[in-house]
Amino acid sequence: MSRPDAILFTIAFAAYLASFVSFILLVALKKESMGKIGVILTIIGLLPHTGAFVMRWTAQGHFPLANMYEYMGMMAWMVMLGLLFFIKRFKNQKIGVFIAPIAVMLLVTASLLPSDTNAQLMPALQSSWLVIHVTLAALGSGAFMISFAASSLYLLFTQFKKKDQQEELQRAEWYYFLIFWVATPIISAVILNLIGLMPESLGGHNHNPSGVHTAFSIGIGASAKHWGGMAIGMGMGMILGAVLWPIFHNRKYNTEAGLQSGGRFFTVVVFALLFSAVIVGYMNKGGAISLTPRSYFKIFEFFGPVLVLSWVLTPLFYYLLVSMRESWIDKLQVSRPILEEISYSAVAIAYPLYTVGALFAGAVLAEQAWGTWWSWDPKEVGALIIWLFYTGFLHARFQRQWKGERAQVLVVLGMVFVFVSFFGNYFFGGLHSFEVT
Amino acid sequence: MSKVQEFFTAWNNFHMTNKTKKEKQNASSQGVFDWAWNGLKSMRFAIIILMVIAVASIVNLFAGEFIIQAEGTTQQIRATYQQAYPDMRTDLLMFFQMYAPYSSWWFTSLMGLLLLSLIICVIDRAPIVWKEVSHHQFLRDEESFRSAKLHTEIGKGISKDSLLAALKAHHFKVGIEEVGDKVLIAGAKNTFSYIGPWLVHIGFILLTIGGAMIARGEFRMHASALPGELLSVGRTPLDLGFNVRVDDFQIEYYPLNVNQYVELSNGSIGRIVKKHKNNSFDVELFSPASGFRNDVPADQLSNRIDRRMGGGRLDQANISDYIATVTVLENGQDVKTEVVEVNHPLRHRGFRFYQSSFNDRITDNQGRWMTVMQVRRDTGSPLVWVGILVFSVGLIMGMYFTPKRVFALLDGDKMLLAGRSKQNMTLFEEEFNSLIKRIQSIKKS
């Protein structure tokens with residue numbers, strides 16, 4: 001990689017990583033100077049990042065937001081800019097410790113995507129509406145990422161008021177963990193296989209002989225198909241468990257405690273899923289897993305391993321985050337109301353950007369180019385789902401005063417939709433699949 | 001930090017009282033109409049319907065992927081399904097119109113319900129929004145001052161004028177009311193922001209209605225012509241009360257660059273892998289034989305290739321623009337001549353002509369291709385434009401401006417001050433505190 005923009009990009013990545021480390025040191029060592037260094041490193045990172053952007057612009061001759069690599073880079077840029085904004089607004093440098101890693105993670109994920117410069121845009125995309133469309137959508141998605149960071153940290157917090165309640169809940173928590181990590185997944189896997197919702201019985205057409213079981217056939221042998229179905233079912237069951245826990249727990253204990261423990265399990269599952277998705281993405285890039293092109297089987301070929309891996313990773317993450325809660329989060333000393341306000345502010349910044357950019361400018365672009373405002377293209381549906389979701393969140397918050405865990409769970413879930421929609425064109429194709437190999 | 005937590009408890013208390021008031025109102029209302037009205041306008045209903053539409057969209061997205069594609073009349077679709085799914089699944093798919101799920105009866109009804117709920121909300125909220133924007137609000141008794149999110153009591157010797165001066169310096173619009181010997185003062189800022197959410201809902205209603213009008217009564221067809229001919233469907237010239245003649249149709253290509261498919265002067269096909277500074281190129285050949293040719297000068301390469309691969313032209317990605325020059329004819333007379341490009345449709349008498357695609361198998365004697373245009377007319381598009389505009393303005397007003405209210409009660413020597421803001425409590429707290437400081441500094445001077 002000797003392209004000048006790639007070098008600048010690497011410098012920016014290194015600076016962001018360094019700023020993340022210095023924010024960690026700020027929290028761990030409680031040295032004010034580390035916070036200042038973190039802020040300076042963030043600014044130092046933003047400069048080459050912007051430089052890489054300008055360089056790609058001049059090299060390509062069009063606004064450099066025409067593929068997913070550039071889009072994701074823009075999201076990371078927005079996250080770091082947002083970090084500076086929130087540090088200034090709340091006068092608290094410690095928030096860098098959970099916002100900076102989001103940018104680092106985004107840049108790691110961006111490195112999975114093809115980064116070739118391409119001077120050619122299809123005629124329909126040569127429009128200034130494209131610039132508005134993609135820029136605002138990327139900035140909006142970046143701000144949604146910030147709200148995700150704040151909300152997930154909020155959910156990992158617990159604030160039990162009474163000591164005995166806390167102890168009882170911790171005992172119950174492991175008990176419920178077993179129910180929702182072992183029992184629900186097994187039951188759902190059995191049921192899903194019994195009613196035939198697993199991929200091998202999904203329908204007669206376009207059946208791929210190498211099928212979904214390729215990912216699992218290594219070392220398992222002839223029963224790979226069956227075990228693959230079971231394992232995927234377990235992963236699905238875990239997600240179901242993550243949704244069921246708060247509801248179920250809610251009935252048994254008091255609302256606050258139930259929501260808190262359920263919300264934490266939910267966040268851990270989301271982290272495990274995202275982490276596994278990145279790992280499986282790297283496995284795909286490295287050739288360990290191959291996805292069948294132009295077939296819906298690749299949905300299973302990708303998400304099958306992701307679900308299985310996330311099921312394995314969940315207890316590990318749970319242990320890490322629960323033990324982290326004791327030491328790290330206490331040191332962080334960013335109160336839950338502040339986290340909630342950061343999360344809400346980020347959504348309030350992102351929502352208009354995303355609405356105008358992703359939906360309106362996109363619709364206008366489509367009207368100018370093809371004469372259709374809306375064509376239910378998979379990515380359009382994805383954007384609509386994200387929009388509906390955050391619309392629901394804002395209404396719940398404004399009018400019904402949904403606060404605390406319930407609102408934060410919505411924000412975390414909304415971020416999952418942002419990610420799924422971002423990578424959706426790898427699986428569904430459609431009008432936005434111009435950069436898919 | 002603790003102060004922030006205080007606001008939040010105060011904020012909770014404030015809304016708690018609001019909620020109980022609402023519940024009382026709901027309980028007292030009677031009759032089926034009231035029940036339906038209150039149900040449809042309720043936030044619970046709106047949130048549920050939004051979530052149901054989101055879930056339905058996901059289901060439809062997967063349906064498009066997993067259910068086999070079928071086209072034609074309903075009988076033909078049924079026949080296709082019956083071959084693939086020889087059981088009751090066919091009936092289910094047909095009943096839920098899963099061959100076109102987004103225009104199916106159930107999805108349309110969901111959108112209709114959302115629209116109805118929105119219209120009711122907008123009507124219901126209008127007087128409330130108007131009151132918030134145009135009327136000054138006063139807090140009249142000490143109790144309501146104490147329950148406000150931010151409140152304080154400033155000591156003796158504060159005159160009405162010093163308070164008014166401070167409010168004015170902070171750009172608050174001020175209203176005064178005198179009740180007996182008490183003076184009530186209300187300051188308001190950014191109250192226009194209350195219209196924002198209301199406008200957003202109006203915009204969404206317009207958008208949805210416009211979209212529905214487009215979906216129901218749209219004129220859409222493809223017409224094609226060689227340069228010099230009238231735009232026609234099949235062989236019949238398209239008659240819309242006027243005719244359109246294509247004068248010229250030109251294809252423009254990008255300059256030679258990396259990643260392009262190119263044809264060498266000897267007829268072999270390859271892909272440019274590297275561009276040198278002296279305008280020569282390294283080409284990776286793949287037809288008729290694979291191999292490499294380095295430092296090929298530009299004049300021996302062409303990125304216009306008259307060959308096909310799969311469904312389209314091999315050089316499709318090298319094309320930068322399709323430019324058609326067209327003339328509108330009314331009663332045989334030339335009215336106007338315009339250039340139609342991909343992002344620049346021709347608009348005439350409500351019809352829009354989009355440069356849609358081309359047919360390179362039919363050419364005129366100069367080798368120019370046949371252009372294919374999409375002709376559309378609908379009544380909903382202007383409404384969609386207005387909807388988008390209103391929605392965006394409303395969003396900016398509602399989300400990027402925060403309405404703030406300050407209340408004061410002067411009773412002899414005592415002055416109570418309270419503040420209320422819908423969002424951004426941290427920022428508002430700072431402003432409130434600086435307002436207090438200013439009042440006190442005016443008092444001293």
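In what follows, every chain begins at residue 1, and chains take the letters A, B, ... in the order their sequences are listed.
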Pairwise distance CH2(A:Trp376) to CG(B:Asn60) - rounded to 0.5 angstrom: 8.0 Å
Residue, of A:Thr391, A:Val364, A:Ile385, A:Ile386, that accumulates the most heavy atom pairs under 4.5 Å with chain B: A:Ile385
Find the distance between CG (A:Leu353) and CD1 (B:Ile396) and round it off to the nearest 0.5 Å. 9.0 Å
Scored by heavy-atom pairs under 4.5 Å with chain A, the best of B:Ile53, B:Ile319, B:Ile58 is B:Ile58
Stepwise, does the side-chain contact (heavy atoms from CB on, under 4.5 Å) test hold for B:Tyr102 with A:Val381? CA-CA 10 Å; B:Tyr102 294 108; A:Val381 177; 3.3 Å; yes
Starting at CG of B:Leu427, measure out to OG of A:Ser345 and round the result to the nearest 0.5 Å. 8.0 Å
Just checking A:Trp374: does its CH2 atom have more than 12 heavy atoms from other residues, nucleotides or ligands closer to it than 6.0 angstrom? yes
What residue, out of B:Pro345, B:Gly380, B:Ser320, B:Ser57, has the most heavy-atom pairs lying under 4.5 Å from chain A? B:Ser320
Where does B:Ser356 contact chain A at under 4.5 Å (heavy atoms): side chain, backbone, both or neither? neither
Using modelled atom types and a 3.5 Å cut-off, is there a donor and acceptor pairing between side-chain atoms of B:Tyr400 and backbone atoms of A:Ile349? yes
Audit row: B:Leu389, A:Phe360, side-chain contact (heavy atoms from CB on, under 4.5 Å) steps and yes/no: CA-CA 9 Å; B:Leu389 197 72; A:Phe360 292 164; over 6 Å; no
From A:Phe393 CZ over to B:Met51 CE, what is the distance, rounded to the nearest 0.5 angstrom? 11.0 Å
With a 4.5 angstrom heavy-atom cut-off, is it the side chain or the backbone of B:Ile49 that approaches chain A, or both, or neither? neither
Looking at B:Asn318, B:Ile214, B:Val258, which one has more heavy-atom pairs under 4.5 Å with chain A than the rest? B:Asn318
CD/B:Gln83: more than 12 non-hydrogen atoms of other groups inside 6.0 Å: no
Is the count of non-hydrogen atoms from other residues, nucleotides or ligands lying under 6.0 Å from B:Tyr261 atom OH greater than 12? no
Could you state the interatomic distance from CE (B:Met399) to CG (A:Leu394), rounded to the nearest 0.5 Å? 4.5 Å
Whether A:Trp387 and B:Phe204 hold their rings parallel, tilted or perpendicular, with breakpoints at 30° and 60°: parallel
Between A:Val356 and B:Ser392, which heavy-atom pair has the shortest distance, and what is it? CG2-OG, 4.0 Å
Rounded to the nearest 0.5 Å, how far apart are CH2 of A:Trp373 and CD1 of B:Ile388? 4.5 Å
Which one of A:Leu365, A:Leu384, A:Thr372 has the most heavy-atom pairs closer than 4.5 Å to chain B? A:Thr372
For atom CZ of B:Arg377, decide whether the heavy atoms of other residues, nucleotides or ligands shown that lie under 6.0 angstrom number more than 12. no
How close do B:Asn343 and A:Ser127 get, heavy atom to heavy atom, and via which atoms? ND2-CB, 3.5 Å
Using heavy-atom distances under 4.5 Å, tell me whether B:Ile48 contacts chain A through its side chain, its backbone, both, or neither. neither
I want to check something: taking the side chain as every heavy atom from C-beta on, are B:Leu50 and A:Phe389 in contact at a cut-off of under 4.5 Å? no
Report the C-alpha distance between B:Glu430 and A:Lys91 in whole Å, list the side-chain angles of each, state the deciding distance to 0.1 Å, and finish with yes or no for side-chain contact (heavy atoms from CB on, under 4.5 Å). CA-CA 12 Å; B:Glu430 282 171 20; A:Lys91 297 179 183 62; 3.3 Å; yes
Give a yes or no on whether a salt bridge exists between B:Arg376 and A:Glu367, defined as a side-chain N under 4.0 angstrom from a carboxylate O. no
